[in-house]
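Read the structure below first, then the notes.
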Protein chains: 2
Amino acid sequence: MTPGEGAPKDFAALRAAIAQRAEQLPKRLMQIAGYALENPDEIAFGTVASIAASADVQPSALVRFARALGYQGFTDLQDVFRSRLRDRVLNYDERLAKLRDHGVATSQSGLVLDGFLEASERSIAKFREKVDHEAIDNAVTILAAAHTIYLIGLRRSFPIASYMSYAMGKLGVRNILVDAVAGMGAEQASFMTAVDAALAISFAPYASQTVALTDAAKSRGARIVTITDSVFSPLASPADALIEVSEADFEGFRSMATTMAVAMTLCVAVAARRGES
Amino acid sequence: MTPGEGAPKDFAALRAAIAQRAEQLPKRLMQIAGYALENPDEIAFGTVASIAASADVQPSALVRFARALGYQGFTDLQDVFRSRLRDRVLNYDERLAKLRDHGVATSQSGLVLDGFLEASERSIAKFREKVDHEAIDNAVTILAAAHTIYLIGLRRSFPIASYMSYAMGKLGVRNILVDAVAGMGAEQASFMTAVDAALAISFAPYASQTVALTDAAKSRGARIVTITDSVFSPLASPADALIEVSEADFEGFRSMATTMAVAMTLCVAVAARRGES
DNA sequence: GCTCCAGTGGAATTTTTGTTCTATTTCTAG
DNA sequence: CTAGAAATAGAACAAAAATTCCACTGGAGC
């Protein structure tokens, strides 16, 4: 048999071929087509078995799919998905070269810096792909409707909360930064009423005080907006709007780039929403 | 054996580990180290046999290399190279396509969010090009030598200072967050001595109190490290080390992504430097 | 209602791949 | 110059993977 005759050689052609032939394809093969277009990275890196499991098909179906598109086997198809990633990295090698030219590699702190810059970039790129815009819109709606916004963020999340307090102050949005200074957190939270909203920010390992303050806010009838790293967070269940942010890390230190951008967004969007009415 | 103990988990950390240990590595392993840094894609996609052939070594040498870095086997090492490709930042065309798919442009808050994410990315990219590594190294040297580090950052810079206080605390680096709560800033600063160092963070418009506190620190003999946005900043002249960070902005709100990354770098690098001696 | 066949699932098979083992070479130190 | 240790190459092995095969299902057409 002539190997790979008429099979798309680059990713763009492959995508076109899939889109074109999708209708005539059998059910299970169409299911694979959809999965492949939505999870190209999975195809590029996974094994037949792992992909089959995650796409909920049989391994043999994947091979049939590749054959149907004209490839000799699944491996040939996978090569196309891999080459797509190869091409994308062109500017990365340039960056590496640049780093070497500048002699970064020799400096300890240069490597650390580059690690954090890269973690920030990864965070942002990843977040871009899986933002839940609806959740953010909901959050803005809730916060814009609140009389006073109570900002709850301790330990690692405190910088975020304090930034928001500063920015909202500048924008004329009434807010209270619930801090633990002098142990007054509980008292501050007790001022909340049903016309207010609380913005709780917490990441694993979740500070117990943040959870307690948020629950208190909930029980006083305030609407709750949460920024956290997973839907399994203890802050998820009391939340009326949940914004999920998972930051990349370098050597165990998580970036804050995305969380900061989300914080800024909320401040500006809330102020804008209020300005409209 | 505990699997993967102490092995770098992301690519940046791996690169740092390789660069650091390169000298002590045996000849053949060093050859692999060089090849790996120059052909990361090959490592990510290739098989042990194919990589070995292309790097002109034996397959077993690759396994030894992975082991030497603390991984359980070559596969673990390869995973790091793959993960780097997984969430690589998208190029401009792909990003545009994604924007179109997700219909971001329709939502008000989506536009704002995208603006801030982009400002963060621009900040990071720009900073990468004009970092002064020497300045950062100087800063680390000064801070690592200090008995106590006084963190001076008010208003917009307060989130940075408070993050550093938190991180340094975690890392066992003695520090004092000079805050303006109860107007005690001046008193706190008056505790400084010549064996201490001050880290002053300020951006235009420079808070006068930050400048005053920094000058006070200088006059008490403390070494001064400064993070600011220009060499014309009032914080520039008293500085023993000056790190220049100019953030991109969206609608007048400046990103904090780069400053945060620099802050994290200083914390980790100072702790590491102290750990060495 | 029966037949036929494309489509499918799952196990069997074969190929590929990572890893381990050991003889040999290459350094290092006395 | 020699003994010992570290490093290496290459082949052998075991694990994992892709692929093939075959029995079965569910419709379409007669």
Side-chain angles (χ1 to χ4, degrees), chain A residues 1-5 7 14 18 21-36 39-83, chain B residues 1-5 7-8 14 18 21-36 39-83 85:
Chain A
M1 179 200 295
T2 341
E5 182 183 344
L14 173 57
I18 290 178
R21 300 196 41 193
E23 298 307 312
Q24 348 167 2
L25 247 37
K27 193 175 88 177
R28 202 46 43 99
L29 265 44
M30 228 187 96
Q31 176 182 342
I32 295 174
Y35 179 87
N39 307 68
D41 289 6
E42 196 61 30
I43 307 277
F45 290 117
T47 70
V48 169
S50 72
I51 297 167
S54 127
D56 201 32
V57 296
Q58 289 295 321
S60 49
L62 287 175
V63 177
R64 282 203 304 273
F65 177 69
R67 287 252 157 95
L69 288 168
Y71 297 97
Q72 199 177 8
F74 177 77
T75 313
D76 287 4
L77 174 82
Q78 194 175 39
D79 282 344
V80 176
F81 280 82
R82 292 188 168 179
S83 73
Chain B
M1 182 202 291
T2 341
E5 184 182 345
L14 172 59
I18 290 177
R21 300 196 41 195
E23 299 307 311
Q24 349 167 2
L25 247 38
K27 192 176 87 177
R28 200 47 45 96
L29 264 44
M30 229 187 93
Q31 176 182 342
I32 295 174
Y35 180 85
N39 307 67
D41 291 5
E42 199 60 31
I43 307 278
F45 290 121
T47 70
V48 169
S50 72
I51 299 167
S54 139
D56 202 31
V57 295
Q58 290 296 319
S60 49
L62 288 175
V63 177
R64 283 203 312 272
F65 178 68
R67 286 252 158 93
L69 289 169
Y71 298 96
Q72 201 177 7
F74 176 77
T75 313
D76 287 5
L77 174 83
Q78 193 175 40
D79 282 344
V80 175
F81 279 81
R82 291 189 167 180
S83 74
L85 254 52

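None of the values given here were measured: they were computed from a predicted structure. Below, read A as the first sequence line, B as the second, and so on, with proteins coming before strands; counting in each chain starts at 1.
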Specify the separation, in whole Å, of atom [atom1] of [X] and atom [atom2] of [N].
X	N	atom1	atom2	value
B:Phe74	C:dT20	CZ	P	14 Å
B:Gln31	D:dA9	CD	C1'	13 Å
A:Gln24	C:dG7	CD	P	11 Å
B:Arg82	C:dG18	CZ	P	9 Å
A:Leu25	C:dG7	CG	C1'	12 Å
B:Ile51	C:dT16	CD1	C1'	14 Å
A:Asp79	D:dA18	CG	C1'	13 Å
A:Leu62	C:dG10	CG	P	14 Å

Checklist line | Reported OG1-to-CD distance for the pair B:Thr47 and B:Glu42, which is rounded to 0.5 angstrom | finding: 9.0 Å

Notebook entry, point to check: Can you tell me how far CG of A:Leu29 sits from CG of A:Leu69, rounded to the nearest 0.5 angstrom?
Noted result: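 If I round to the nearest 0.5 Å, the distance is 8.0 Å.
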
Would you say [N] has OP1 or OP2 under 4.0 Å from some side-chain N or O of [X]?
X	N	answer
B:Arg67	C:dT20	yes
B:Arg64	D:dT8	yes
B:Ser60	D:dT8	no
B:Gln58	D:dG10	yes

Check: Side chains of B:Gln31 and B:Arg28: donor-acceptor distance under 3.5 Å anywhere?
Finding: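 Checked: B:Gln31/B:Arg28 side chains pair up, N/O donor to acceptor below 3.5 Å.
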
Next item on the list: Look at the side chain of A:Gln58 and the backbone N and O of A:Ala52, then say whether any donor-acceptor pair between them is shorter than 3.5 Å.
Entry: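 No, because the side chain of A:Gln58 does not come within donor-acceptor range (under 3.5 Å) of the backbone of A:Ala52.
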
Check: Of all the choices, C:dG9, C:dT17, C:dT19, which nucleotide is nearest to the side chain of B:Thr47 once you look at every atom?
Finding: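 Looking only at heavy atoms from C-beta outward on B:Thr47, the closest nucleotide is C:dT17.
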
Next item on the list: Report the residue (B:Val57 or A:Ala49) whose heavy-atom-nearest nucleotide on DNA chain D is the more 5′ of the two.
Entry: B:Val57

Next item on the list: Take B:Lys27 and B:Val63, find for each the nucleotide of DNA chain C with the closest heavy atom, and name the residue whose nucleotide sits nearer the 5' end.
Entry: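 Looking at the nearest nucleotide for each, B:Val63 comes out on the 5' side.
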
Next item on the list: Considering non-hydrogen atoms only, spot the tightest contact between A:Ala66 and A:Phe74 and give its length.
Entry: CB-CA, 3.7 Å

Next item on the list: Describe the nucleic acid contact of B:Leu29 in one word from base, sugar-phosphate, nothing, applying a heavy-atom distance below 4.0 Å.
Entry: sugar-phosphate

